[in-house]
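Below is one structure; the comments refer to it alone.
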Amino acid sequence: MEACSEADRFLMNAAAKERLEILRTVEEFGAWRKENVGTLSLGFVPTMGGLHEGHLALVRRSLLENDLTVVSVFLNRTQFDSPADLEAYPADFEEDVAALAKLGVEAIFAPDYDAMYPDDYHYKVGESQSSAELEGEHRPGHFDGVLTVVLKLLNVVQATRAYFGEKDWQQLQLVKGMVEAFFLSTEIVACPTVRDEAGLALSSRNRRLSAQGIKIARRLNQILNTATSAEGAKRELQEAGFEVEYVADREGRRLAAVRLEGVRLIDNVQIR
Ligand code: PAF
């Protein structure tokens, strides 16, 4: 296809912005892409829905850096090791669509399980080293589900750039590794964790905490930042009322997963 002039790009961009398309199948997405993308840059934000400010920050960054932005909303059950956890995941598709329309994204890719897994998950992608520890150790099969769905999504969307939050640090490293290992052409853009005024990392799961729970949860980030060792952080977190799954220092970062009021929270900070 011929390269567009700046004016063409502007007009195509403005026209595309007039409507938000909701695409339910890989074929529908392909047709939308063929009609709208051409030589424009395409930003992609993968989500499981239950959108909060953390997701919206990724979307804003994509809108700034690309001509067009697509967001996927797909609650990927293959990455949940616990049915109760999947069941409790907050989902309000209409609310998500309203938030994305307000920001001005061009398309939402919202397939169902059969559309994403015509093979019923008989084929999967795995990583055999770092995915076995930390999150991988505590959530068996989690990263197989994440990497498989991210590979499928990147192949379908064929984005210029895809945006991932640093809150899921281990996920981010594994996605970057997979993109490199399989020569995928999408650039992975890492975005800083969005936190509330007291430092609590925004997460869909925070909605399940009581007001008292939120107060305690805010200590997670503080303790990770101030403790002088992972062991010390673990002790302080237990004293604060968390059930600690792990605290570990890896390559200059301190990563942790804890449970509070039955809600699993993760966070990570740069070690000072
Ligand atoms: O980080 C998430 O929300 C999910 O793991 C992702 C990347 C959308 C894959 O389902």
Side-chain angles (χ1 to χ4, degrees), residues 23 26 29 43-59 61-62 69-83 85-93 95-96 99-100 105 107-117 121 123-127 130-131 134-136 138-157 159 161-179 182 184 186-194 201-208 255 257 263-268:
L23 306 151
V26 171
F29 185 82
F44 173 47
V45 181
T47 81
M48 296 201 294
L51 303 186
H52 52 68
E53 263 309 309
H55 297 110
L56 301 186
L58 304 181
V59 175
R61 173 115 180 239
S62 172
T69 289
V70 55
V71 177
S72 64
V73 177
F74 176 64
L75 186 49
N76 178 41
R77 68 186 203 215
T78 67
Q79 70 187 73
F80 286 83
D81 57 312
S82 136
D85 202 16
L86 172 62
E87 198 59 38
Y89 197 88
D92 187 335
F93 186 61
E95 224 173 80
D96 292 345
L100 295 171
V105 311
I108 297 175
F109 180 47
D112 65 10
Y113 177 82
D114 290 338
M116 268 329 261
Y117 289 96
Y121 199 38
Y123 289 86
K124 57 182 82 166
V125 191
E127 191 274 352
S130 56
S131 65
L134 308 177
E135 285 300 287
H138 290 269
R139 303 182 69 190
H142 171 65
F143 285 124
D144 288 356
V146 170
L147 292 176
T148 302
V149 81
V150 170
L151 179 62
K152 283 171 182 268
L153 289 166
L154 292 179
N155 275 332
V156 171
V157 176
R161 302 179 188 87
Y163 295 80
F164 287 81
E166 287 182 346
K167 181 167 89 63
D168 295 289
W169 185 263
Q170 206 182 353
Q171 165 175 287
L172 172 65
Q173 306 315 313
L174 286 163
V175 167
K176 279 185 179 166
M178 176 180 73
V179 162
F182 292 109
L184 304 182
T186 302
E187 179 193 343
I188 301 302
V189 182
C191 303
T193 304
V194 180
L202 300 193
S203 162
S204 313
R205 295 165 193 260
N206 296 353
R207 295 178 201 178
R208 289 160 49 203
L255 301 98
V263 180
R264 189 170 189 277
L265 304 171
I266 60 170
D267 201 354
N268 67 88

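All ligand and atom numbering here is 1-based and tracks the order in the structure.
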Could you walk me through whether Tyr117 and Thr148 satisfy the side-chain contact (heavy atoms from CB on, under 4.5 Å) test, starting with their C-alpha distance in whole Å, then the side-chain angles of each, then the deciding distance to 0.1 Å, before giving a yes or no? CA-CA 10 Å; Tyr117 289 96; Thr148 302; 4.2 Å; yes

Please check if the number of heavy atoms outside Tyr113 that lie under 6.0 Å from its OH is greater than 12. yes

Under 3.5 Å donor-acceptor, [X] side chain and [Y] backbone:
{"X": "Asp92", "Y": "Glu95", "value": "yes"}
{"X": "Ser62", "Y": "Thr69", "value": "no"}
{"X": "Asp81", "Y": "His142", "value": "no"}

Contacts of Arg161 that satisfy salt bridge (Lys or Arg N to Asp or Glu O under 4.0 Å) - sequence neighbours left out: Glu187

Between the protein and ligand 1, are there any N or O atom pairs that come within less than 3.5 Å of each other, and if so, what are their names and distances?
unit_1: ligand 1; atom_1: 1 (O); unit_2: Gln171; atom_2: NE2; d: 2.9
unit_1: ligand 1; atom_1: 5 (O); unit_2: Gln79; atom_2: NE2; d: 2.9
unit_1: ligand 1; atom_1: 5 (O); unit_2: Gln171; atom_2: OE1; d: 2.7
unit_1: ligand 1; atom_1: 10 (O); unit_2: Gln79; atom_2: OE1; d: 2.7

